[in-house]
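Just the heavy atoms: all of them, side chains too, but no hydrogens, waters or symmetry mates, feed the values below. Each chain gets a letter, A, B and so on, in the order the sequences are listed, and its residues count up from 1.
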Protein chains: 2
Amino acid sequence: MTEPESAAVDLEIIVQGAQEGKKQELRLWLRMLSTTKLVSQEIRRRLRNEFGATLPQFDLMAQLYRERDGLRLGELSKRTMVTNGNVTGLVERLETDGLVLRVTPDGDRRVTVAKLTAKGETIFGAMAVAHEGWLRDMMADVDPAIVSELWQDIGAVKSSVSNHLSGGDFD
Amino acid sequence: MTEPESAAVDLEIIVQGAQEGKKQELRLWLRMLSTTKLVSQEIRRRLRNEFGATLPQFDLMAQLYRERDGLRLGELSKRTMVTNGNVTGLVERLETDGLVLRVTPDGDRRVTVAKLTAKGETIFGAMAVAHEGWLRDMMADVDPAIVSELWQDIGAVKSSVSNHLSGGDFD
DNA sequence: GGCCGACATTTGAAATGTCAAAGGTTTACG
DNA sequence: CGTAAACCTTTGACATTTCAAATGTCGGCC
């Protein structure tokens, strides 16, 4: 095989004495991480096979799809949670493929705004539909009530984490 | 600022009409993904600042720490969910730093076994303690009962996903 | 012995990722 | 006006990531 596979044994193996009421957070984190990796790998594989696209490209286009007027690169960086320097190259490649356009507005020449081309909108539309279907498929065995509950509770985790970042990221 | 930050507005912005009972899975996925990225970035930052290590290196060492006799690179690949080719370079760098040792067993020269050096064990020990503390801190605001419930329910998600992979990953 | 299929790791090309430093632009203030 | 501070993006050095193809080794089988 050429890639990491199913794994009855995986990341979670790090936790050993997690049973005794300690390290619950570590245990949860490892499970979140391995699950996320699993789903990401699957989506990446399908994006590649069916659309010849990469996951970061998909993420970036998703943001532009919702903002037809385009977004500044810094805004894109925040929304995709990708560093500034990374956005530069990402947009560059998408521009080469004719999916994205870069414009410098008249008012402020420090800024670069990226927006989807017509071609980009068409292609992303198809990818988005497929993407949503893949997720529904993958989570098909999970009770919808649980899905909803998870969304809530993970929200609580996200919120807690946001309030305890070292980088002084409050508000 | 030089990196993506807190983000009241982030990945989840992709979902628009998720309210109407459709796309719950997509909504959940985006929240899982953004939360995982958030935690990963924080851990990465702290590993870097306090230990000069990277997250993949930490993950790899974590596996070796539990198997004092060492692991074959393929086994490491599965457990860390990192591709084979990737493990090669990862171990290479750790060996350069004197944290990991590579050995070819007498019986089978196809195989390479990696194990922690004494130095590696010492350093990883310190990192593991800190790492666990960081997670407890980050999740401090989450009710322990919820933590436990999340662990269960995310297990259900992971299991469902495992059963719906395109790569024919059954067993 | 010699070959073929299975196994294990490495290599190579391209993309993504981080961080820090450098480059232009704009704004504000003396 | 002129310069310093603030802002936005790009660049450069490295590490990580994936995939596919190559390399090396072992096993069994004629």
Return the value, rounded to whole Å, for the distance between atom CD of Glu92(B) and atom P of dT9(C). 14 Å
Hydrophobic clustering (ILVMFWY, side-chain heavy atoms < 4.5 Å, transitive) - are Met32(B) and Phe58(A) grouped together? yes
Rounded to whole angstrom units, what separation is found between the CG atom of Leu73(B) and the P atom of dC7(C)? 17 Å
Name the closest nucleotide to the Val82(B) side chain, picking from dT9(C), dT17(D), dC8(D). dT17(D)
Protein-nucleotide distance (Gln41(A), atom CD; dT18(D), atom C1'), rounded to Å: 10 Å
Please determine if Arg68(A) forms a cation-pi arrangement with Tyr65(A), meaning its NZ or CZ atom is less than 6.0 Å from the six-membered ring centre and no more than 45° off the ring axis. yes
Regarding Gly74(B), tell me which of base, sugar-phosphate or nothing describes its non-hydrogen contacts under 4.0 Å with the strands shown. sugar-phosphate
How many Å lie between CZ on Arg72(A) and P on dG24(C), as a whole number? 20 Å
DNA chain D: 5'-proximal contact among Gly107(B) and Gly89(B) (nearest heavy atom): Gly89(B)
Reading DNA chain D from 5' onward, which residue's closest nucleotide shows up sooner: Pro56(B) or Arg102(A)? Arg102(A)
Can you identify which nucleotide, out of dT9(D), dT10(C), dT25(C), has its nearest atom closest to the Asp108(A) side chain? dT25(C)
Strictly below 4.0 Å: does Asn86(B) bring a side-chain N or O up to OP1 or OP2 of dT17(D)? yes
Verify the contact: side-chain N or O of Thr83(B) to OP1 or OP2 of dT18(D), cut-off strictly under 4.0 Å; return yes or no. yes
Nearest-Å distance for atom pair CZ/P, residues Arg44(A) and dG17(C): 9 Å
By nearest-nucleotide position on DNA chain C, the 5'-leaning member of Gln57(A) and Arg48(B) is Gln57(A)
Between Arg79(A) and Glu67(A) (salt bridge meaning N to carboxylate O under 4.0 Å), is one present in this structure? yes
Is Glu75(B) paired with Arg72(B) through a side-chain N to carboxylate O contact shorter than 4.0 Å? no
Starting at atom CD1 of Ile43(B), determine the distance to atom P of dT18(C), rounded to an integer number of angstrom. 14 Å
Gap between atoms CZ and P, on Arg110(A) and dG24(C) respectively (whole Å): 15 Å
What's Leu55(B) touching, base or sugar-phosphate or nothing? Going by heavy atoms closer than 4.0 Å. nothing
When we call it a touch if two heavy atoms are under 4.0 Å apart, what does Thr88(B) touch: a base, just sugar-phosphate, or nothing? base
What is the distance, to the nearest angstrom, from the CZ atom on Arg109(A) to the P atom on dC7(D)? 20 Å
Let me spell it out: for each of Asp106(A) and Gly85(A), pick the nucleotide of DNA chain C with the closest heavy atom. Which residue's pick is nearer the 5' end? Gly85(A)
Val87(B) to Val82(B) - nearest heavy-atom pair and separation: CG2-CG1, 3.7 Å
